[in-house]
Participant: 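For reference, the structure I am asking about is given below.
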Amino acid sequence: MLPVFGHSNPDTDAITSALVYARFLTRQGTPARAYRLGDLNFETPFVLAQAGVDAPELLALLPTGTAVALVDHNESGQSLPNLTDLTVTHVVDHHKLGNLNTSQPPYLRFEPVGCTGTILLKLHREANLTVDPVDANLMLSAILSDTLHFRSPTTTQDDRDAVEFLAPIAGVEDVTAYALAMFAAKSDLGDTPADQLLKMDYKAFPFGDQRWGLGVIETTNPAYVFGRQAELLAAMTAAKTQDGLDGVLLSVVDILNETNRMLVPGDAEAAVVQGAFGADTQDNVADLEGRISRKKQIVPALEKYFGA
Ligand code: MN
Ligand code: MN
């Protein structure tokens with residue numbers, strides 16, 4: 001059974017795409033099984049309950065040489081710790097190509113669309129495979145999640161078309177209401193410890209000879225997050241030391257108003273935020289305005305700044 005998994009600190013797309021692609025591969029004659037590399041965020045259990053499926057099993061390590069399929073990521077820093085010792089046979093992704101290296105010719109499908117789910121729907125249609133209501137629900141949910149219901153600048157016409165195609169199959173009559181319910185579930189953070197909030201949607205990126213941790217909290221209730229600012233800043237400083245990083249930033253994205261107010265723990269980060277985005281930091285907060293996409297607006301600006 002070919003293990004299929006999305007990135008660590010999984011978001012909805014990382015989980016649902018593993019489930020959908022594992023089933024797709026199996027139907028196409030390659031028996032495959034979905035896994036996850038970490039705990040679910042608060043949105044994904046809502047999505048899985050809607051679709052009526054269980055979360056995939058947690059995967060910690062695989063023996064050297066094991067064949068694996070990656071979805072929704074390709075960089076080793078966001079994958080299993082020993083990814084470079086594994087044999088990557090398939091990648092379906094919508095992120096920039098990182099340090100992916102393979103020993104065998106792999107199947108690769110990358111597209112600059114808003115969600116891996118959008119690509120997976122294309123694979124089904126290209127293969128003349130029917131889409132059942134469960135898979136439709138999973139892909140639809142991932143697209144709404146990744147594009148913030150088409151608010152994110154990563155959104156493409158293909159994502160909109162995919163949602164239009166999938167909604168009737170999934171039995172979702174009111175897509176707007178469904179997206180709002182997903183975002184409400186995602187924003188219901190309760191008394192989650194600050195270090196978990198930081199790491200819920202968090203990725204480490206190499207920029208030149210530096211390594212930075214970039215977290216995102218997408219929420220309909222930013223006031224709640226800023227109410228826990230001191231704890232979050234402390235968690236960021238701790239993560240920086242613990243993970244040997246050069247900087248840590250946390251974007252607090254207001255989903256409904258499409259703004260990003262970024263938590264900036266120290267002077268080193270503040271200087272980089274000024275240099276990369278021209279944004280001042282006051283009381284550990286920098287206003288990044290409409291830059292709500294880590295993939296399209298945050299990471300590229302930092303790469304340019306560091307000359308990576
Ligand atoms: Mn993802
Ligand atoms: Mn994605």
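In each ligand, atom 1 is the first atom listed, and ligand 1 is the first ligand listed. What you are looking at is a predicted structure, and each value in this text was computed from that prediction instead of being measured.
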Participant: Going by ring pair (Phe, Tyr, Trp, His ring centres under 6.0 Å), name the pairs with one or both residues in residues 144-170, residues two or more places apart or in two chains.
Facilitator: none
Participant: Sub-3.5 Å donor-acceptor pair from the side chain of E218 to the main-chain atoms of D201, do we have one?
Facilitator: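 No; zero donor-acceptor contacts below 3.5 Å.
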Participant: If the cut-off is 2.8 Å, does any N/O/S atom of H73 fall short of it from the Mn ion (ligand 1)?
Facilitator: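 Looking at H73, which is the residue asked about, there is no N, O or S atom under 2.8 Å from the Mn ion (ligand 1).
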Participant: Quick check: does any side chain N or O of R36 sit under 3.5 Å from a backbone N or O of A55, one acting as donor and the other as acceptor?
Facilitator: no
Participant: For the backbone of A142 and the side chain of T12, can you confirm whether one donor and one acceptor N or O come within less than 3.5 Å of each other?
Facilitator: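 Side chain of T12 to backbone of A142: no pair is present.
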Participant: Does D159 reach the main-chain N or O of G114 with its side chain, forming a donor-acceptor pair under 3.5 Å?
Facilitator: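 Yes; at least one donor-acceptor contact below 3.5 Å.
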Participant: How about S141 and N137: do any of their side-chain heavy atoms sit closer than 4.5 Å?
Facilitator: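 In short, these two side chains touch, coming nearer than 4.5 Å.
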Participant: Measure distances from the Mn ion (ligand 2) and count the protein N, O or S atoms below 2.8 Å.
Facilitator: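 Excluding waters, the total comes to 4.
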